[in-house]
Amino acid sequence: MAPGLAARAGTMLVRPARTWDVVADEPADARELMARHVAPLAAIPAACGALGSLVFGFRLAEVGLRQSPVVVLAKAVAGYGLTLVCVWLVARFVAP
């Protein structure tokens with residue numbers, strides 16, 4: 001994760017008005033925002049989902065199932081990529 005990203009997320013939760021004022025003054029382009037903020041944050045659910053599937057598996061109709069590590073990795077990579085694409089599409093509509 002980028003240095004200061006966790007601290008920035010924490011101050012967004014504790015003091016949002018002050019933090020948004022600081023963010024508004026920072027120059028940033030779309031590529032930098034995607035690389036420094038979106039990419040590390042999008043990796044969190046992909047990694048946690050993959051780890052959870054590998055460790056715990058899942059239940060379907062009261063039957064415990066486990067997927068192969070290759071399938072779990074492929075799903076994590078696909079989820080990560082789709083998250084990045086969705087954020088990019090939303091950004092294109094919000095700020096053209």
Side-chain angles (χ1 to χ4, degrees):
M1 208 178 287
L5 186 58
R8 169 69 57 88
T11 56
M12 282 282 192
L13 295 173
V14 177
R15 293 183 298 274
R18 189 180 315 163
T19 307
W20 277 116
D21 292 338
V22 172
V23 170
D25 294 336
E26 295 176 357
D29 62 340
R31 177 167 279 143
E32 180 185 347
L33 290 175
M34 288 291 284
R36 292 191 68 225
H37 297 287
V38 176
L41 292 174
I44 293 171
C48 291
L51 185 63
S53 292
L54 288 173
V55 173
F56 301 111
F58 63 96
R59 298 182 68 79
L60 180 65
E62 298 302 319
V63 176
L65 301 171
R66 290 194 186 248
Q67 297 173 325
S68 74
V70 174
V71 171
V72 171
L73 179 64
K75 287 172 62 175
V77 169
Y80 178 70
L82 287 172
T83 301
L84 293 177
V85 169
C86 289
V87 169
W88 180 78
L89 287 172
V90 169
R92 297 292 293 174
F93 287 116
V94 170

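Put simply, Leu82 and Val90 are part of two different groups of oily side chains (I, L, V, M, F, W, Y) that touch within less than 4.5 Å, one to the next. If you chain together hydrophobic residues whose side chains sit under 4.5 Å apart, Val85 and Tyr80 fall into the same group.
Atom CH2 of Trp88 sits about 15.0 Å away from atom CG of Leu33, to the nearest 0.5 Å.
Taking all atoms of both residues into account, the shortest heavy-atom contact from Ala35 to Ala39 is O-CB, 4.0 Å. Here the shortest heavy-atom pairing between Leu13 and Pro16 reads O-CD, 4.2 Å. Listed here is the closest heavy atom pair of Thr11 and Thr19: O-OG1, 3.2 Å. For Ala46 against Ala76, the heavy-atom pair with the smallest separation is CB-O, 3.6 Å. For Met34 against Val87, the heavy-atom pair with the smallest separation is SD-CG1, 4.2 Å.
By the side-chain contact (heavy atoms from CB on, under 4.5 Å) test, Leu73 is found to be paired with Val77, residues two or more places apart in sequence or in another chain being considered.
Through direct or indirect side-chain contacts shorter than 4.5 Å among Ile, Leu, Val, Met, Phe, Trp and Tyr, Val72 is connected to Leu54.
Side-chain N or O atoms of Arg15 include none that pairs as donor or acceptor with a backbone N or O of Gly10 at under 3.5 Å.
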